[in-house]
Structures are given as C-alpha cells and as structure tokens.
Amino acid sequence: MSPREKIFSEIYSKGPITVERYMDLCLYDKEVGYYSSSESIGKLGDFVTSPEISQVFGELLGLWLAETWASQSSRSKFNLVELGPGNGTLMADILRFTRKIKQFSELASVYLVETSKRLKLIQKNHLKKYSINWISSIRDLPALPTFVVANEFLDALPTRQFIRINDEWKERHIDVGPDGNLIFVNLSSSHQRELRFLYGHFPSNRILEICDQATSLITDLANQINLYGGVALLIDYGSYGGFGDTLQAVKNHSFIDPLKKPGTSDLTTHVNFEAIGDTATSKGLRTSKLISQRDFLIALGIMDRVRALERNMSEAEQKIHLSAVARLIDNKSMGQLFKVLAITNRNSNPLPVFEKHD
Ligand code: SAH
C-alpha cells in the first residue's frame, strides 16, 4: 500500500483526520511513513541539517555540553543523550571531538532516542566505533545526571492546528475533496471550553498550533533533570511565540504543498519555543533566553575552529569549508532562522553562553 492509499483509506473509513494524525501517518507509519522508508536527511535526501553541513556544528555542541557538564556535576557518571539523531552525524562529531576531554568521554553513557528502525540501522553503522544504547523514550534512561541535545527534532513532532471562527473553535482536518485530492477542512472542536479558557486572547481567524507530543516530551525531560540534574540543549527552526500556519513540506530540497506528496516528503512545523519554555518552567526547571544559532556558534568560537581546520586544507577544500560554515551562521541562511534554547535545574550554575558568570 502506498502512503497515499493508506491515508485515503483511513479518511474513507473514519472520516477526516486531524493535522496531527496526518503528520503521524506521513512521517512515522511503520510501513509507509517517511522516516521508515525514504532517504530523508543529507545531500542525497530531501533536506540537509546543520551537522550534515559541517562537522564544526557537532564539535562546538560537544564543547558546550562538556563545559556545562564540568560546571554542573560532581564529575560523576552521566547520560549523554540525543533525541532524534537522524543519520547519527551529530553524535559522531560530538564523540570524536570530546574524546580529548578525558573525564567527560570516560564517564558518559551514550543514549540515542529514536523511533525509526531504518534510521537506527544507519546510526548503528555510523557510530560503530562507540558504545551506544538505543531507547525509545526518555523515561527509559538510568537514574543519572542527563545531558541532552536535540537538533531539528521538535519540528518533526506531529502538531494540532486550531482556528477560532465567529467565536467557535475549530480543528483543522484533512479530507478528500470533490476532485479526489486532499484538502484542509475546519471541523468544530470538542474542546470549546478548554480552548476558550486557555486561548481567549488569541486572534480570530489565525491558526494556533499546539504540539502535545512536545509538551509530554519536555515533561519527561523535566522529570529526569529535576531528579538527577543535567541540561537539555534544543536547536530548531522556530520562534518565541507567534501564530499562523507553519506546516511545511520539503522534497528534494524545495518546498512543496504539504498535501501533495504524503509520506514521501518531509513535513514539519516551526517550533514555538515560548510553549516549550513555559512547559519546562511550569515543571520547575530554569529556561534560558532564546538565542540565534549564529550568536550561539560565534560565542563558542566557530571562527577560531574554522581557522584551525583550514590549516590542513587545500585552497579548494577551504572554499567548500567556508561556504558550509557560512550556511550555518549567515543571517540569510540558517543563522537567524534557527534558534537555541537550554533548560536546566533551577539551582544549577550559570549556563555557558546563555547566562553570565559572576
Ligand atoms: N537530528 C537530526 C535530524 C532529525 S530528523 C540532524 O540534526 O540531522 C528527526 C529525527 O527524529 C529522526 O531521526 C526521527 O526518526 C526522529 N524522531 C521523530 N519523532 C521521534 C520520537 N517521538 N522519538 C524519538 N525519535 C523521533
């Protein structure tokens, strides 16, 4: 069965499906979902992520994690965790770079949280030099301080979309239109009271996105960090607050209509970091300010690292290397679109880059 057939058959048998269910089927269905069956990430895939662009990204994240670990913990055993590791490139760069930081690399137990069987195999192959554990939920982590990194993970979580029209809250669904193509339809929501109470201030006729999976994931992370200490570093395409429809599809490195190629294109929404931060704070954690990927990488010394690597490169290699790094930090490229947020224990020491040391 093709992804398209599976979606049509669910709509014909049960009626229109929510945007959340549509994303879930398209991306994560065990048989036909995008992450189970397609070459998704990398130059040969549909989209390229920061670690796939340059090794410097993972190296600097490794440096930040090691610095934060050194400033926070009693230098005891800890969990080093990545959520949604894709091809495993980021963790490979983190582990290679931090090998020099002896205590950090010796005391780390590495955990990858991944749901896709296909990507797990790719990660296993990419990281075969290292001792790695795979788990499917943060709740399966051992009781130890936990240092987490997630790049372009939250934007891949299925999201619900609501809209208030003439004082009635509706949820956006997907149906089969009269011409046999998929279309969006707004159907009255059964959560009128709750939506009115929580989002009464929200403008009419604008889409409100709510990511319940992100909320439950941050809640699990908060429980772990509250109990055992640690930090989570979250990097994604998104903004602080905001509203509107941000559902987008990418195929072969170009944007396409999200309803056009179900199951064979990458579907994402922008991350609402305000909602993420609020969830973490409500569970007793401290949330950093939100900064751009550009500011984060520059503060960590990206230009020094670039110069160090250039020394061993030919002129042609230097050119490629520089343009890759420019993609990560240029304002018109990923530098401003991508944001970085850290969450940690309320009483932990100031976070490198985000918070001032006295
Ligand atoms: N971090 C990668 C790319 C992320 S793509 C990079 O920077 O290159 C999204 C990843 O999240 C995929 O590996 C996908 O299979 C995984 N994923 C999505 N939902 C998940 C969930 N609920 N739990 C664990 N992994 C998930």
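Just follow the structure's listing: the first ligand is 1, and inside any ligand the first atom is 1.
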For Glu315, salt bridge (Lys or Arg N to Asp or Glu O under 4.0 Å) partners two or more places apart: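 Scan of Glu315 (salt bridge (Lys or Arg N to Asp or Glu O under 4.0 Å), adjacent residues dropped) gives none.
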Residues forming a salt bridge (Lys or Arg N to Asp or Glu O under 4.0 Å) with Arg305, sequence neighbours excluded: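 Checked Arg305 against salt bridge (Lys or Arg N to Asp or Glu O under 4.0 Å); matches are Glu59.
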Ring-face cation of Lys30 near Tyr28 (centre distance under 6.0 Å, axis angle within 45°):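 Pair Lys30/Tyr28 does not count as cation-pi.
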Shell of residues surrounding ligand 1, defined by a 4.0 angstrom heavy-atom cut-off that is strict: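 Shell around ligand 1 (4.0 Å, heavy atoms): Tyr28, Tyr35, Ile41, Thr49, Pro51, Glu82, Gly84, Pro85, Gly86, Val113, Glu114, Thr115, Ser116, Leu119, Asn151, Glu152, Phe153, Leu157.
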Cluster companions of Leu121 among Ile, Leu, Val, Met, Phe, Trp, Tyr (side-chain spacing under 4.5 Å):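 Besides Leu121, the cluster holds no residue at all.
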Short side-chain donor-acceptor distance under 3.5 Å, Thr159 and Glu20: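 No pair is found: no donor N or O on one side chain lies under 3.5 Å from an acceptor on the other.
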Ser314 side chain vs Glu317 backbone, donor-acceptor pair below 3.5 Å: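 A pair under 3.5 Å: yes.
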